Amino acid sequence: MNVRRRLIPAATAASLGLGALTACSSDSAATGNTEKFDVVASFYPMAFLAEQIGGDHANVTSLTEPGQEPHDLEISTQQRAQLEEADAALFLKGLQPAVDEAVSQTGIKTKIDAASLTHLEDHGGAGHGHEGEEGHSEEEEHGRDPHVWLDPVKYAEIAQGVGKAFEKADPDHAADYQKNTEALVKKLGGLNSDFENGLKNSKSKVFFTNHAAFGYLAERYGLTQEAISGVDPESEPSAARVKDLQREAKADGVTTVFYETLVSDKTAKTLARDANLKTDVLDPLEGITDNSRGDDYFQVMEANLKALQTALGAK
């Protein structure tokens with residue numbers, strides 16, 4: 001039997017304190033560049049939350065274009081101006097250094113850091129850290145895995161915090177924001193149940209990816225993620241790493257190497273060929289494109305579930 005450190009049980013739900021949120025005054029929601037509540041989101045998972053919770057009252061724009069790799073984003077002068085004019089910025093600190101810097105430098109009154117609305121963990125190299133910031137050492141920034149949206153439970157925690165932030169910043173529409181948040185959280189609860197039920201009886205609990213993005217998902221559902229190349233999804237695995245993964249594939253009944261839609265599939269296909277494994281897509285949902293297996297977060301997550309069920313031999 002292949003004995004290896006397994007992921008610890010999921011942490012209990014973090015309290016939804018809004019420590020990182022500075023709310024607008026009651027009349028400031030009308031000061032954006034439209035008559036609606038203007039929200040600038042950092043990338044797709046944040047924009048999706050803002051759209052779902054804001055509904056008809058919010059005008060949501062994303063700093064990251066569809067198909068753009070979010071980790072590489074640089075902020076343009078136009079985007080900085082857009083941030084200054086917005087009523088709120090919704091971002092995930094630690095994922096996109098350029099966004100963190102731009103938001104910190106703007107005079108925008110409502111800054112919602114999704115990372116402060118749940119508990120971020122260290123999943124062994126999955127973080128996209130950068131130079132140390134106030135309150136966190138460089139090591140802590142490097143260790144924190146930002147991919148919380150791939151765990152429906154943590155994503156729901158963030159949704160609740162965002163809902164409360166919207167209510168506070170735009171109180172005239174607070175009742176609608178609360179209603180929309182409750183509906184979204186309920187739907188995320190259903191998605192969590194789908195994953196729990198869909199993955200509890202499977203032949204294998206181990207899956208291979210070329211990008212260490214699925215630590216929270218693995219932890220939530222009792223799985224083990226093995227990333228071929230760690231943080232950089234396009235780096236080639238060493239010969240020794242390929243041999244290790246070949247042995248592990250045999251020991252743990254691994255059938256499939258997963259790659260993603262926004263980066264090259266070269267690494268995954270190299271390992272799959274050498275280890276005689278299949279390849280398939282497991283989407284980290286950092287953006288929606290024409291190649292995505294669905295038009296929104298829920299559709300792509302359901303496609304991810306089906307891909308995992310097939311790869312893990314779920315009954």
Side-chain angles (χ1 to χ4, degrees), residues 7-8 10-11 13-14 16-21 40-50 62-64 68-75 89-104 111-162 165 188 209-220 225 227 229-234 258 260-263 282-288 297 300-301 304:
L7 292 165
I8 59 172
L16 291 170
L18 295 178
L21 172 66
V40 175
S42 55
F43 74 128
Y44 176 74
M46 300 297 102
F48 183 73
L49 284 183
S62 177
L63 295 172
T64 308
Q68 183 179 14
E69 221 293 326
H71 307 299
D72 301 332
L73 180 69
E74 296 296 334
I75 302 297
L90 175 55
F91 66 111
L92 183 60
K93 190 174 182 180
L95 183 81
Q96 297 170 288
V99 174
D100 297 348
E101 181 184 12
V103 171
S104 71
K111 300 175 182 179
I112 312 169
D113 172 17
S116 72
L117 303 175
T118 188
H119 176 64
L120 266 62
E121 298 169 17
D122 179 358
H123 288 134
H128 296 270
H130 45 96
E131 293 303 316
E133 299 178 57
E134 186 178 352
H136 297 289
S137 69
E138 187 175 350
E139 290 77 14
E140 285 174 325
E141 288 296 326
H142 275 271
R144 285 155 40 118
D145 179 358
H147 302 88
V148 281
W149 63 92
L150 293 167
D151 174 351
V153 177
K154 285 188 174 291
Y155 200 43
E157 290 175 10
I158 294 169
Q160 288 176 304
V162 171
L188 287 167
T209 67
N210 67 341
H211 177 196
F214 299 91
Y216 291 104
L217 184 149
E219 184 174 315
R220 178 67 58 190
Q225 166 192 249
S229 306
V231 172
D232 184 354
E234 301 204 36
F258 287 112
E260 56 197 75
T261 52
L262 294 184
V263 297
L282 198 62
D283 195 328
L285 261 159
E286 293 175 347
I288 296 287
Y297 173 86
V300 176
M301 283 294 283
N304 281 344

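Only a predicted model underlies this, so the values are computations on that prediction, with no experimental measurement involved. Residues take their numbers from the sequence shown, with the count starting at 1.
- For an aromatic pair to be called close, the ring centres must be under 6.0 Å apart, and Tyr297 with Tyr155 satisfies this.
- Residue Trp149 comes nearest to Pro284 through the heavy atom pair NE1-O, 2.7 Å, listed as atom of the first residue, atom of the second, then distance.
- For the pair Val103 and Lys111, the tightest heavy-atom approach, listed with the atom from each and the gap, is O-NZ, 3.1 Å.
- Gln225 contributes a side-chain N or O that, together with a main-chain N or O of Ala213, makes up a donor-acceptor pair within less than 3.5 Å.
- With hydrogens and angles disregarded, a donor-acceptor distance shorter than 3.5 Å links the side chain of Glu69 to the backbone of His71.
- When all heavy atoms are compared, the tightest approach of Phe43 to Glu286 is CD1-O, 3.7 Å.
- Between the side chain of Gln68 and the main chain of Leu73, no donor-acceptor pair closer than 3.5 Å is present.
- Note that OH of Tyr216 and CD of Glu121 are 5.5 Å apart. Values are rounded to the nearest 0.5 Å.
- For Ile75 against Ala98, the heavy-atom pair with the smallest separation is CG1-O, 3.6 Å.
- Of the inter-residue distances, the one linking Phe48 atom CZ with Ile288 atom CD1 reads 8.5 Å to the nearest 0.5 angstrom.
- When all heavy atoms of Val99 and Ser42 are compared, the closest pair comes out as CG1-CB, 3.9 Å.
- No donor-acceptor distance shorter than 3.5 angstrom exists from the side chain of Lys93 to the backbone of Asp100, with no hydrogens or angles considered.
- Interatomic distance, CE of Met46 versus CG of Asp113, reported as 9.5 Å (0.5 Å rounding).
- Proximity of a side-chain donor or acceptor of Tyr44 to a complementary backbone N or O of Ser62 within less than 3.5 Å is not detected.
- Taking 4.5 Å as the limit, some side-chain heavy atom of Leu92 sits within range of a side-chain heavy atom of Val148.
- Rounding to the nearest 0.5 Å places CG of Leu188 at 11.0 Å from CD of Glu157.
- Of the inter-residue distances, the one linking Thr64 atom OG1 with Phe91 atom CZ reads 13.0 Å to the nearest 0.5 angstrom.
- Atoms CE and CG, from Met301 and Asp283 in turn, are 10.0 Å apart once rounded to the nearest 0.5 Å.
- Nearest heavy-atom pair across Ile112 and Leu117 is CG2-CD1, 4.1 Å.
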